[in-house]
Amino acid sequence: MPELNMEGNLPKQQCQPVTTAIEKDDLVIPIIDFGPFLHGTPADKHEVAMSVVHAFKTSGFLYLKDHGVPPSVVSHVFSSSARFFARPQGQKDSLCWTTPQANRGYVKTGQEKLSTVDDVPAASGDARSIPDLKETMEIGREGVDGLPNRWPDHLDAEGQDFKAVMLSFFDMCKALHTEVMRAIALGMHLPEHYFDSYVDAGDNNLRLLHYPAVDKSVFKSNPLQVRAGEHSDYGSITLLFQDGCGGLQVRSPRGTFVDAVPVADTVVVNAGDLLARWSNETIKSTRHRVVEPPKVVDGEDDSSGVYPDRYSIAYFCNPNNDQLIEAIPGTYGEDIRPLKYPGITAGDYLVQRLTATY
């Protein structure tokens, strides 16, 4: 477990300074100030909305700053997550993930393989047999009949605090999800609240991720080894909070992987497969992965033989499970493009994808 500071939080790690959008190999990922959308004039909101949709149509990724989730809250959630993963293995195993329908609980290292037979080219077949080097804790909407979250609150006071912290953070992320969907609506020339009734239940998933420290020789001896395999996300959008270690890479139009460097006090937002389907593929769901941290720059000490622990927090946003997802008006037609997909409920789609993953 990483050392905590006096306030009980993970120390802020050095993030690479970013003054322009990431731009490499025809991949451009912008940093968008979301404050004007949350607090600005109608003209401000429209400008931000157009920027959000443009990013989703081109790269499928963006960074949001001034997004409304205080940095102090994010820091506290990271600290609570690190304390959870530092628990004895037996305690974590007692809270284990059970079924795709529930999608709640602890997932040990090697249990999930994001690169599946269906979504990785045959040439990468060997990669599919290599387990991801991560453990996760999955937290769904609270209060769903028959699908309880797997809280550690019965273990000790720290487990009770963990539950309170994560429930509060879940609600903050749900609110941000709603606002981003409103920006997407405006950017697609729809009423601002078009998606509200699709997402008001909050059938989302908060995933805490821990990539344990790993000897550098593991990656040197096996070039196909990754911390999380190449994949695209399943839902509508994902809110990703990174620590300062790095390792997230996004696939470029040229087929290369580009480092999505950590940017302090931002959240990475990417479009998922269901939003691409919902938009009749006018929005991109871009593949990405997590590898070892980026190579050090000249002058930095690279004497350690171990890559440090990496933590991240992903909030997977989905439409309400019972909502029928059909192509958004204006994304198909004789003068635009043919309709690509039949309707499907959000819940059925996500269970199909999760079943193929575990």
Side-chain angles (χ1 to χ4, degrees), residues 2 13 15-16 22 24-25 27 29 59-61 81-82 85 97 106-138 205 207-235 238-262 268 270-273 284-296 302 304-314 316 353-354 356-358:
Q13 302 185 54
C15 294
Q16 179 171 331
I22 293 171
K24 183 178 180 181
D25 292 350
L27 178 74
I29 304 179
S59 69
F61 270 78
S81 173
F85 287 117
W97 187 94
Y106 170 73
V107 179
K108 64 183 179 181
T109 302
Q111 185 174 345
E112 180 189 35
K113 181 58 188 169
L114 288 174
S115 296
T116 66
V117 172
D118 292 334
D119 61 16
V120 175
S124 301
D126 290 343
R128 296 195 295 262
S129 65
I130 302 172
D132 292 346
L133 300 179
K134 68 179 189 302
E135 57 179 343
T136 72
M137 181 61 171
E138 315 289 333
N205 178 254
R207 168 177 284 195
L208 312 177
L209 295 109
H210 173 220
Y211 303 88
V214 59
D215 197 284
K216 293 179 181 179
S217 64
V218 171
F219 294 94
K220 291 178 180 178
S221 62
N222 188 350
L224 297 178
Q225 181 67 64
V226 293
R227 280 179 153 176
E230 178 187 345
H231 66 285
S232 54
D233 292 345
Y234 307 153
T238 300
L239 310 177
L240 178 67
F241 300 83
Q242 300 193 77
D243 68 6
C245 289
L248 174 66
Q249 294 185 328
V250 179
R251 191 177 182 89
S252 77
R254 298 187 188 181
T256 61
F257 279 94
V258 177
D259 291 322
V261 295
V268 176
N270 64 280
D273 295 343
K284 291 185 178 181
S285 177
T286 304
R287 301 181 70 79
H288 48 284
R289 66 184 186 182
V290 179
V291 298
E292 68 271 30
K295 300 295 186 293
V296 296
D302 191 30
S304 171
V306 177
Y307 288 119
D309 296 77
R310 178 181 186 265
Y311 294 84
S312 65
I313 301 164
F316 296 107
R353 297 298 302 275
L354 287 165
T357 304
Y358 288 90

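We count residues from 1, following the sequence as given.
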Side chain to side chain donor-acceptor pair (under 3.5 Å) between S221 and S217, worked out: CA-CA 6 Å; S221 62; S217 64; 5.7 Å; no

Full working for side chain to side chain contact (heavy atoms under 4.5 Å, CB included) between Y211 and L133: CA-CA 6 Å; Y211 303 88; L133 300 179; 5.7 Å; no

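In terms of modelled atom types and a separation under 3.5 Å, the side chain of T109 and the main chain of K134 share a donor-acceptor contact. When atom types are taken as modelled, the side chain of S252 and the backbone of R254 share a donor-acceptor pair closer than 3.5 angstrom. Put simply, the side chain of R227 never gets that close to the backbone of E292: no donor and acceptor are under 3.5 Å apart.
Screening residues 217-226 for salt bridge (charged side-chain N to carboxylate O under 4.0 Å, His left out), with sequence neighbours left out, gives no hits.
Annotation: side chain of T286 is not in contact with side chain of N270 (no heavy-atom distance under 4.5 Å). Looking at P253 and L27, their side chains come closer than 4.5 Å, going by heavy atoms from C-beta outward. Put simply, the side chain of L208 reaches to within 4.5 Å of the side chain of F85, judged on heavy atoms. Between L240 and L248 the shortest side-chain heavy-atom distance falls below 4.5 Å.
Residues P293 and C245 come closest through the heavy atom pair CB-O, 3.7 Å. The two residues V226 and F219 come nearest to each other via the heavy atoms CA-CE2, 4.1 Å.
In summary, of the residues considered (R287, E230, H288, R289), a side chain to side chain donor-acceptor pair (under 3.5 Å) with Q249 occurs for R289 alone.
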